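Here's the structure, in structure tokens; my notes come after.
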Amino acid sequence: MAGTLVIVGAGQAAFSLAAKLRALKDERPITIIGSEDVLPYQRPPLSKKYLMGDMSFDRLLFRDSDWFAENNVDIRLSTWVEEVDRAAKTVRMQDGSTLAYDKLALATGASPRTLPAGVGGDLEGVLTVRDKRDADRLMQDMQPGRRLLVIGGGYIGLEAAAVARHLGLTVTLIEMADRILQRVAAPETAAIMRDIHRAHGVSIREKTGLVRLIGTDGHVRGAELSDGTVLEVDFVIVGIGVLPNDRLARDSGLDIGNGILVDALTRTSDPDIHAVGDCALLPVDGKHVRLESVQNAVDQAEAAATVLCGQEKPYEPKPWFWSDQYDVKLQIAGFNLGYDETLLRPGQREGSHSVWYFREGRFIAVDAINDAKAYVSGKKLLDMGRQPDRAVLADHSADLKLLLA
């Protein structure tokens with residue numbers, strides 16, 4: 001039997017790694033170490049259905065406690081690792097106890113960027129959205145008629161704005177860049193999503209930064225913006241990106257960049273240590289990137305499981321993402337890094353669109369807004385390594401099934 005595996009972190013990647021090993025009939029002892037006080041759970045519904053009261057927390061759990069016991073997975077909650085000793089092959093917990101490993105997997109995820117205290121980031125009512133504790137705090141604030149300021153026009157900020165409007169709050173969203181979604185999507189996608197939010201009553205202010213938050217008795221009460229306006233607010237959601245949780249890797253001397261550097265076999269610079277999920281910096285199309293998505297957390301973790309079982313098959317990411325806002329489903333296939341051309345195509349139904357991305361003439365990604373046919377067609381093309389017929393894409397009356405003929 002293979003030696004003990006210790007998994008640091010208890011999110012999607014950690015659970016997927018353990019579950020895949022058991023599905024592969026691997027019987028090695030597994031210990032999962034998680035800092036939260038609840039069993040591993042799905043995170044995407046936290047900021048949507050759970051926050052809106054449409055889904056109870058127990059429905060978010062991947063498995064109940066019986067599964068871990070029946071599968072010989074020792075899960076330790078409310079516990080975190082302070083140090084990795086690579087020479088001794090042990091991890092030291094916050095209480096001073098140690099645990100030996102033969103293989104170690106870092107599935108430590110990422111943490112939201114926060115505002116510095118100098119601009120009011122330490123005031124009560126300044127929140128982020130990442131875990132159950134965040135969502136539970138937000139539930140108390142998400143009351144009809146309250147005034148919310150969202151800082152950041154990425155997917156996290158836009159999803160938070162959508163939930164808040166659905167619940168009857170007054171919402172202002174500011175983005176210091178030229179436009180929302182500037183880092184992750186084309187101008188065409190951003191324009192569509194901007195129009196949707198404005199139609200739902202969100203005040204979107206682009207090219208507008210935060211000067212400072214204004215507090216009274218330690219609680220945020222207002223915000224001074226870079227355009228000179230001062231808003232009265234009841235609470236603030238900060239959605240300005242995340243940082244990889246790579247401290248353990250850095251302190252133990254592993255190679256890091258914007259995350260924990262891994263190869264195509266999910267191994268770090270120490271072959272006995274793997275890294276998976278949002279913390280991992282992995283090779284994609286000749287570059288090293290972090291793929292912050294549920295899909296990558298699952299697929300990369302399952303790839304690590306096969307490597308741990310002795311099958312050295314490289315992980316070849318085929319990214320896909322999604323974002324639900326109001327009654328709009330944005331589905332993304334591929335990775336648009338470095339795109340130099342886009343093509344906007346209206347869908348067959350009212351309100352449906354797709355944006356097709358190209359780099360040096362090669363199709364690399366598609367954004368589908370309420371357009372499942374475009375998403376499925378684009379994803380299949382990417383999976384097969386085929387290029388779409390530009391004439392079909394340009395002909396808005398043409399059936400996208402022709403792309404796969």
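These numbers were taken from a predicted model, which means no experiment stands behind them. Counting begins at 1 with the first residue of the sequence.
Inspection of the N296 and Y315 side chains reveals an N or O donor paired with an N or O acceptor under 3.5 Å. Side-chain atoms of Q325 and H197 form a donor-acceptor pair, as typed in the model, at a separation below 3.5 Å. If you check the side chains of S111 and N245, you find a donor sitting under 3.5 Å from an acceptor. For T208 and E206, the side-chain atoms include no donor-acceptor pair closer than 3.5 Å. Remark: the T342 side chain and the E188 side chain contain an N/O donor-acceptor pair separated by less than 3.5 Å. In summary, the side chains of D367 and T189 do present a donor paired with an acceptor at a separation below 3.5 Å, with no hydrogens or angles considered. Judged purely by distance below 3.5 Å, without hydrogens or angles, the side chains of T229 and R205 pair a donor atom with an acceptor atom.
Of the residues listed (L393, V376, L381), the one engaging L400 in a side chain to side chain contact (heavy atoms under 4.5 Å, CB included) is L393, and it is the only one. For the salt bridge (Lys or Arg N to Asp or Glu O under 4.0 Å) with E36, the lone residue among R130, R133, R43 that qualifies is R43. The side chain to side chain contact (heavy atoms under 4.5 Å, CB included) test with L5 singles out one residue from V73, T31, D102, L21, and that residue is L21.
Comment: R267 does not engage D263 in a salt bridge, judged by the lack of any side-chain N to carboxylate O separation of less than 4.0 angstrom. Taking a cutoff of 4.0 Å between a charged side-chain nitrogen and a carboxylate oxygen, D227 and K207 do not qualify as a salt bridge. With respect to the salt-bridge test (charged N to carboxylate O, under 4.0 angstrom), the residues R92 and E82 do not qualify.
Not less than 6.0 angstrom separates the ring centroid of H219 from the ring centroid of F235. For an aromatic pair to be called close, the ring centres must be under 6.0 Å apart, and F15 with W67 satisfies this. In this structure, F57 has its ring center closer than 6.0 angstrom to the ring center of Y41.
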* Asked: How far apart are the C-alpha atoms of S56 and D58, what are their side-chain angles, what is the distance that settles it, and do they pass the side chain to side chain donor-acceptor pair (under 3.5 Å) test?
  -> CA-CA 6 Å; S56 60; D58 62 317; 2.4 Å; yes
* **salt bridge (charged side-chain N to carboxylate O under 4.0 Å, His left out) between K132 and D136, worked out** => CA-CA 6 Å; K132 180 179 183 294; D136 287 342; 2.7 Å; yes
* To do: Report the C-alpha separation of R183 and E175 in whole Å, then their side-chain angles, then the decisive distance to 0.1 Å, and conclude whether the salt bridge (charged side-chain N to carboxylate O under 4.0 Å, His left out) test is met.
  => CA-CA 12 Å; R183 187 178 65 88; E175 170 55 60; over 6 Å; no
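Dense packing is recorded around NZ of K318, with more than 12 heavy atoms of other residues, nucleotides or ligands lying under 6.0 Å away.
Cation-pi contact between R386 and F363: absent, since separation from the ring centre below 6.0 Å together with deviation from the ring axis within 45° is not met.
Checking side-chain atoms of D340 against main-chain N and O of E360 turns up a donor-acceptor pair under 3.5 Å. Within the 3.5 Å criterion, the main-chain N or O of L169 finds a donor-acceptor partner in the side chain of R165. The main-chain N or O of R22 is never found under 3.5 Å from a side-chain atom of D26 such that the two would form a donor-acceptor pair.
The salt bridge (charged side-chain N to carboxylate O under 4.0 Å, His left out) test applied to K20 returns no partner, not counting sequence neighbours.
With contacts defined as side-chain heavy-atom distances shorter than 4.5 Å, the pair I369/S352 does not qualify.
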